[in-house]
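By convention in this document, chain letters (A, B, ...) are assigned in the order of the sequence lines, proteins followed by strands, and residues within each chain are numbered from 1. Below, each value reflects all heavy atoms present in this structure, side chains not excepted, and no hydrogens, waters or symmetry copies.
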There are 2 protein chains.
Amino acid sequence: MSKCDQCIVREFSSLKALNKEELLKMANCKTSYIIKKGEPIFSEGENVNGIFCIKDGVCKLSKLSENGNEQILKLVAKGELLGQRSMISDEPVNLSAVALEDMEVCFVPKSEILGFFNGNNQFSMNVMKSICGDLKEADDHLVNMAQKSVRQRLAETLLELYETFGTNEDKSLRIKLSREEIAGMVGTATESCIRLLSEFNKNGLIELSGKKITLKDFNKLRSM
Amino acid sequence: MSKCDQCIVREFSSLKALNKEELLKMANCKTSYIIKKGEPIFSEGENVNGIFCIKDGVCKLSKLSENGNEQILKLVAKGELLGQRSMISDEPVNLSAVALEDMEVCFVPKSEILGFFNGNNQFSMNVMKSICGDLKEADDHLVNMAQKSVRQRLAETLLELYETFGTNEDKSLRIKLSREEIAGMVGTATESCIRLLSEFNKNGLIELSGKKITLKDFNKLRSM
DNA sequence: CTGATTGTATGACAAATATCATATTTTATT
DNA sequence: AATAAAATATGATATTTGTCATACAATCAG
């Protein structure tokens with residue numbers, strides 16, 4: 001069993017407030033999983049009863065709208081935690097998490113986390129600040145969804161993918177999403193998304209080559 | 001100076017976890033304000049350094065989009081708290097709060113609240129659950145904004161206003177909003193909002209009479 | 001390798017929504 | 001009450017976006 005104190009998640013998440021002893025306790029009760037690309041970590045409505053630490057890989061957090069469309073709210077990458085809100089609220093998870101790449105995750109039961117939560121002030125403060133950050137992000141995102149055009153939202157989404165996940169050696173976006181998934185992030189129909197990508201391509205804002213997307217004109221994308 | 005232990009806010013908010021002693025401390029350091037309709041309680045970007053308790057009245061939480069449009073994220077009524085997220089994150093407020101009616105609010109400085117926060121586990125848990133509730137709401141709202149039509153969103157907004165604020169004796173919605181504000185909640189142009197309200201009126205879903213809006217066909221509104 | 005399946009692309013069209021113009025009504029101010 | 005200002009309403013039109021159909025390309029299973 002790997003020790004939590006060397007784990008990347010410990011470096012970047014709320015867990016950085018845990019001390020050696022707590023990390024040891026956690027290492028003893030955690031369960032590790034390999035999640036294959038396309039597989040769910042959990043689905044909306046499930047009782048998760050713990051949090052997931054993302055040791056490697058990226059997943060999408062999404063929710064089905066009443067119309068049956070999948071809206072992607074956020075991509076979450078290695079080093080981050082999943083399920084904090086649900087744990088605090090003591091409710092089923094509100095979103096589904098599905099792997100976009102093969103992933104390594106660890107599950108830590110709620111009882112354990114709540115123990116740290118009560119015993120370690122800095123840890124609970126970190127969790128809360130993380131949730132507060134999510135709330136701010138969600139509010140800002142909401143304003144964009146409500147007030148910006150699909151074209152603007154697509155440009156922003158591409159820039160966000162660039163900033164969050166960077167590029168391959170050939171400068172193309174590292175994160176690999178289907179057109180349908182990009183549309184799910186933007187909140188539009190897949191065909192509209194494809195059409196706008198083609199338009200961006202024609203106008204030199206981006207370059208398309210197969211599934212690869214390369215951002216070209218950052219200024220135009222930003223000022224859209 | 002009025003005592004906090006009889007205040008409505010104490011009944012309905014995170015503050016219900018405070019004991020007599022804590023309420024007394026709070027009563028001694030709070031500041032009461034009357035906010036007139038249309039006036040701000042705070043504006044996005046401000047350092048608020050405390051929380052506001054809404055003793056009476058309703059306000060809107062809004063944010064300007066980059067296009068310069070005001071998006072209303074939430075209406076907040078008496079009994080609730082404002083500024084919890086900002087306090088925890090230790091950041092300027094992300095949203096503006098503007099009175100929709102004359103309001104009575106109390107301001108309690110951050111130092112005081114953080115004292116309760118550290119000393120009273122139930123209180124801090126309440127604050128956290130409240131923020132988690134906001135996050136869930138925001139995520140759900142976001143999906144609606146991204147995936148539903150303006151018509152659907154307007155219908156939902158009207159139902160929400162009905163459920164949250166109820167009606168006058170004549171069954172018209174109690175909460176009084178301008179068309180521009182309704183449009184700001186729905187996330188659409190004011191003219192589009194007016195036009196759809198007219199359409200709903202023609203089709204018997206609602207009844208318009210001056211500024212008064214009366215919901216008529218709840219089933220059709222719900223199944224839109 | 002080959003057919004089947006899935007993903008991407010594009011045209012044609014319809015529907016939804018925004019924008020601009022202008023009229024009408026309501027509200028506020030003097 | 002008279003006037004000005006703001007809010008509401010509606011028409012005309014342009015733009016955006018969604019939907020359906022179809023073609024083409026890429027990927028996968030056998």
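- Of the residues in residues 144-159 of chain A, not one comes within less than 4.0 Å of DNA chain C through any heavy atom.
- Side-chain N or O atoms of B:Arg153 include none that pairs as donor or acceptor with a backbone N or O of B:Asn144 at under 3.5 Å.
- Applying the 6.0 Å contact sphere to CZ of A:Phe42 captures more than 12 heavy atoms from other residues, nucleotides or ligands.
- Residues A:Ile54 and A:Ile8 share a closest heavy-atom pair of O-CG2, 4.4 Å.
- Counting any heavy atom pair closer than 4.0 Å across all strands shown, A:Thr188 reaches sugar-phosphate atoms only and no base atom.
- Salt-bridge formation is not detected for the pair A:Lys78/A:Glu104: no Lys NZ or Arg NE/NH1/NH2 atom is positioned less than 4.0 Å from an Asp or Glu carboxylate oxygen.
- Between B:Lys63 and A:Asp139, every side-chain heavy-atom pair lies at or beyond the 4.5 Å cut-off.
- Counting heavy atoms from C-beta outward, A:Glu70 and A:Glu180 have side chains that stay 4.5 Å or more apart.
- Of the candidates A:Lys211, A:Glu207, A:Lys212, A:Ser172 forms a side chain to side chain contact (heavy atoms under 4.5 Å, CB included) with just one, namely A:Lys212.
- With rounding to whole Å, A:Glu191 atom CD is found 15 Å from D:dC24 atom C1'.
- Side-chain contact check for A:Asn67 and B:Gln147: no donor-acceptor pair (N or O, by modelled atom type) lies under 3.5 Å.
- Counted within 6.0 Å of NZ on B:Lys16, heavy atoms from surrounding residues, nucleotides or ligands total more than 12; the atom is thus considered enclosed.
- From the 5' end on, the contacts that DNA chain C makes with chain A at under 4.0 Å to a non-hydrogen atom open and close at C:dG7 to C:dA12.
- For DNA chain D, the residues of residues 192-214 of chain A within the heavy-atom distance limit of 4.0 Å (strictly under) are A:Ser192, A:Arg195, sorted by number.
- A salt bridge does not link A:Glu101 to A:Lys176: none of the charged side-chain nitrogens sits closer than 4.0 Å to a carboxylate oxygen.
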